[in-house]
Protein chains: 2
Amino acid sequence: MSLSIKDIARLSGVSTATVSRTLSHPERVSETTREAVMAVVDQHGYRVNSMARNLRRQRADSVLAIVPDLGNPFFSAIFAGLQETFSAQGTDLLVTDSRSALRGGQSLLSHLREARVDGLVCLDGGLPQAARAELKAPDIASRVVFACEWLVEGGFPSVRSDNRAGMRLAVDHLVELGHRDIAYLAGPEGNVLDTERRAGVVDAMAAHGLALPAVQFGRNDFSLEAGRAAAEDFISLPARPTAVICASDQLAVGFASGLHARGLRVPDDVSLVGFDDIQTAEFVIPPLTTIRQDRMRLGAQAAGLLLRQIAGAACPADKVITLPVSLQIRGSTCPPGRD
Amino acid sequence: MSLSIKDIARLSGVSTATVSRTLSHPERVSETTREAVMAVVDQHGYRVNSMARNLRRQRADSVLAIVPDLGNPFFSAIFAGLQETFSAQGTDLLVTDSRSALRGGQSLLSHLREARVDGLVCLDGGLPQAARAELKAPDIASRVVFACEWLVEGGFPSVRSDNRAGMRLAVDHLVELGHRDIAYLAGPEGNVLDTERRAGVVDAMAAHGLALPAVQFGRNDFSLEAGRAAAEDFISLPARPTAVICASDQLAVGFASGLHARGLRVPDDVSLVGFDDIQTAEFVIPPLTTIRQDRMRLGAQAAGLLLRQIAGAACPADKVITLPVSLQIRGSTCPPGRD
DNA sequence: TTGAAAGCGTTACCAG
DNA sequence: CTGGTAACGCTTTCAA
């Protein structure tokens, strides 16, 4: 077995209290003892047992991130941002997806309730009612923040991109190119991001005296597959819009792939704008014009916010940090009717 | 504060020992007491404090996964596989990347040494020497497994895809199409995956009486950017190969993008084969012919292996689980000289 | 500046 | 089947 604080105390001829102090509050110990103790510590490679420390200190020094789907590569950049900030503060990052977390009627909060983590960062705005209700328990709510997505009904601080502004940029860009007939390829029905982005499109178009076509398409999820499937619907549309704004880059890439398979060209036949600026957006053919959101920064901010919450900083339950987005003009958009 | 086992004991008129038993070993308690205790537990929503439990049980019920770069979406599928298996066994998954883990000369093992986790799954075969040495400490080595990548010098059980077989499939496919002049777009120098995949290509070509061109290109990393940059080199090659096998899908997609920008068409001018079958491979234009590795399964197997190790199952230090791969023929390959 | 000792919340051994 | 009671390894008063 590895050494305990008792061994170090014995080996360096002081009490466990002093060893503990040397390690946790070196300034409260005389220089000579400190050096003596540290010598023994280093020599034996002693490390405090964090379970014991945490039990005593009553905290876990770790945080749980919950995503809708761990397999979705979209979240990796957010993880990177979370991790960077957390690890700089000595906090561990646990990850899980909503499905596993909720499996077998388990509570979303078991980790919090069992004192395994100090807080929760939730990236899933589509939690089932039961789970949402749980989160609102008074001693819990102050230790969760939402990132990227959020709960429509509010109640938690959250960090998100400026989805509306993003869509305004997209619409303005297309209108400037000369497009009037613009469609919105929707994400999953009821998803907060989809709602917000659609509203952004509608508002921006209204500002130009335009409106979305009555026919909707999309409405599955944000995935590549959904995008490809939507291409079929698009093709059979009576009057085909000259441009499509997609609720996500994945949708846009899938959509482009579907169009291509049916002989329609981007941007010649249809201009395409995505949302997210995922890594591949710049590398698909043609490169995707899109709205860039800084997912890494989003993660970092969420982590910072949660850390402050945990540390006890008062934070209005409805605090929203909105991150700016920007338009990346690439090859998937051009003036209409260029054929 | 939340209730402790003492409160539950008092409330249900039994000892803490009995409450503990009811929760951990229900069969060792009479039905009547069990029911009485559970009633109180449910009524108050009591949950054991895992820090206390873990301190007592001397385990953490959690595992740390170390990736080279958390921001790389390639790993998300592996995380999903890891998480699925771990969570089914009540084990938490912590994630970090090598950079954060090693920051400030910190030990890779601090988590293990501080008893924060029971084991390590390492997805980074390129750890610095110091870190590798550490991992081999006798009490440590038996609690780490490698997944996807591995250490050239061996020493740890690992789960990996059959990289060589994959490249054989790729070469056979191209040769069958009529290609003789095939190049390999390399990954990062010294990376085990690159080494293995290159060897796979070389061997398979030799079996057909062919050899790689003397000129190499690639040699940065597995990224989209590296792929695009390689396209420049490719274009200035004296005798251009008719087909290129890429060390990864990201490289292939970036390469295709670079070729496209320079007016070369895939597959008409160059056939392209990737490796990994990332999600987007099927959706880029043209869809990428590639070698599919099941990353989710890879994660799941690694998790299972580690769990068994932790549980004390003896496992030869050089145990290697090799997962089959398959060829996905899509639009990026065709017979040479079709123009 | 240091040490003694009381916990932190569980579990598991040992009696009964 | 149940209860008393040592641990688990550390931190933090409280006194000296």
Side-chain angles (χ1 to χ4, degrees), chain A residues 1-38 40-41 44-62 90 110-118 139, chain B residues 1-38 40-41 44-62 90 110-118 139:
Chain A
M1 270 323 290
S2 60
L3 298 183
S4 85
I5 199 173
K6 273 187 190 156
D7 302 306
I8 304 302
R10 188 168 32 75
L11 256 23
S12 42
V14 300
S15 70
T16 61
T18 298
V19 176
S20 173
R21 268 184 230 111
T22 334
L23 263 15
S24 303
H25 312 281
E27 75 284 1
R28 295 188 203 161
V29 155
S30 80
E31 195 179 327
T32 46
T33 23
R34 184 167 59 233
E35 280 165 1
V37 171
M38 286 313 289
V40 178
V41 165
H44 294 83
Y46 167 76
R47 319 253 23 206
V48 299
N49 178 309
S50 65
M51 292 189 301
R53 160 179 285 178
N54 287 341
L55 173 59
R56 179 60 226 232
R57 297 225 244 223
Q58 298 288 75
R59 35 181 248 220
D61 280 341
S62 56
S110 52
H111 278 80
L112 228 32
R113 289 244 137 90
E114 291 170 7
R116 301 174 82 81
V117 300
D118 301 318
D139 54 324
Chain B
M1 270 324 290
S2 58
L3 298 184
S4 85
I5 200 172
K6 275 187 189 155
D7 302 307
I8 303 302
R10 187 167 34 73
L11 257 23
S12 42
V14 298
S15 71
T16 61
T18 297
V19 176
S20 175
R21 266 184 235 113
T22 320
L23 263 15
S24 303
H25 310 282
E27 75 285 358
R28 296 188 202 162
V29 155
S30 79
E31 195 179 327
T32 46
T33 11
R34 185 166 59 232
E35 279 166 1
V37 172
M38 286 312 290
V40 177
V41 165
H44 294 81
Y46 165 77
R47 318 254 21 206
V48 300
N49 178 310
S50 67
M51 291 188 303
R53 160 179 285 179
N54 286 341
L55 173 58
R56 178 62 228 231
R57 299 226 246 224
Q58 296 289 74
R59 36 182 251 222
D61 280 341
S62 56
S110 52
H111 278 79
L112 228 33
R113 288 243 137 91
E114 291 171 7
R116 300 174 83 81
V117 300
D118 301 316
D139 53 324

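Just so it is clear: chains get the letters A, B, ... in the order the sequence lines come, proteins before strands, and each one is counted from 1.
Taking 4.5 Å as the limit, every side-chain heavy atom of Asp7(A) sits out of range of all side-chain heavy atoms of Tyr46(A). Considering only heavy atoms from C-beta on, Asp139(A) comes within 4.5 Å of Arg113(A) through its side chain. The shortest distance between side-chain heavy atoms of Met38(B) and Leu23(B) falls below 4.5 Å. Proximity of Arg34(A) to Glu31(A): side-chain heavy atoms (C-beta onward) are separated by under 4.5 Å at one or more points. Inter-residue side-chain proximity for Ile5(B) and Ser20(B) is flagged as met; some heavy-atom pair is nearer than 4.5 Å. Here the side chains of Val14(A) and Val19(A) are in contact, with some heavy-atom distance below 4.5 Å. A 4.5 Å side-chain heavy-atom check between Thr33(B) and Thr22(B) finds every atom pair outside the cut-off.
Atom CZ of Arg116(A) and atom C1' of dT10(C) are 14 Å apart (whole Å). Rounded to a whole Å, the CD1 atom of Ile8(A) is 9 Å from the P atom of dC10(D). Atom CD in Glu114(B) sits roughly 13 Å away from atom C1' in dC10(D) (whole-Å rounding). Protein atom CD1 of Ile5(A) is 15 Å distant from nucleotide atom C1' of dA6(C), rounded to whole Å. Nucleotide dA12(C) holds its P atom 9 Å from the CZ atom of Arg53(B), rounded to whole Å.
Axis angle across the helix from dT1(C)-dA16(D) to dG16(C)-dC1(D), with five pairs used at each end and values rounded to 10°: 40°.
In this structure, Arg47(B) reaches the sugar-phosphate backbone alone: every heavy-atom distance under 4.0 Å involves primed, P, OP1 or OP2 atoms, never a base.
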Worksheet item: When every nucleotide of nucleotides 1-8 of chain D is labelled 5' to 3' by its protein contacts under 4.0 Å (heavy atoms), B for base, S for sugar-phosphate only, - for none, what sequence of letters results?
Response: SBBBBBBB
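Without hydrogens or angle criteria, Arg21(B) side chain to Arg28(B) main chain gives no donor-acceptor distance under 3.5 Å.
When the side-chain nitrogen and oxygen atoms of Ser20(B) are compared with OP1 and OP2 of dT10(C), none of them lie within a distance under 4.0 Å. Listed pair Tyr46(B) / dG9(C) fails the phosphate criterion, with no side-chain N or O lying under 4.0 Å from OP1 or OP2. His25(B) has no side-chain polar atom (N or O) that falls below the 4.0 Å cut-off from OP1 or OP2 of dT11(C).
In this structure, the side-chain hydrogen bond (donor to acceptor under 3.5 Å, both in side chains) partners of Ser24(B), at least two apart in sequence or on a different chain, are Arg53(B).
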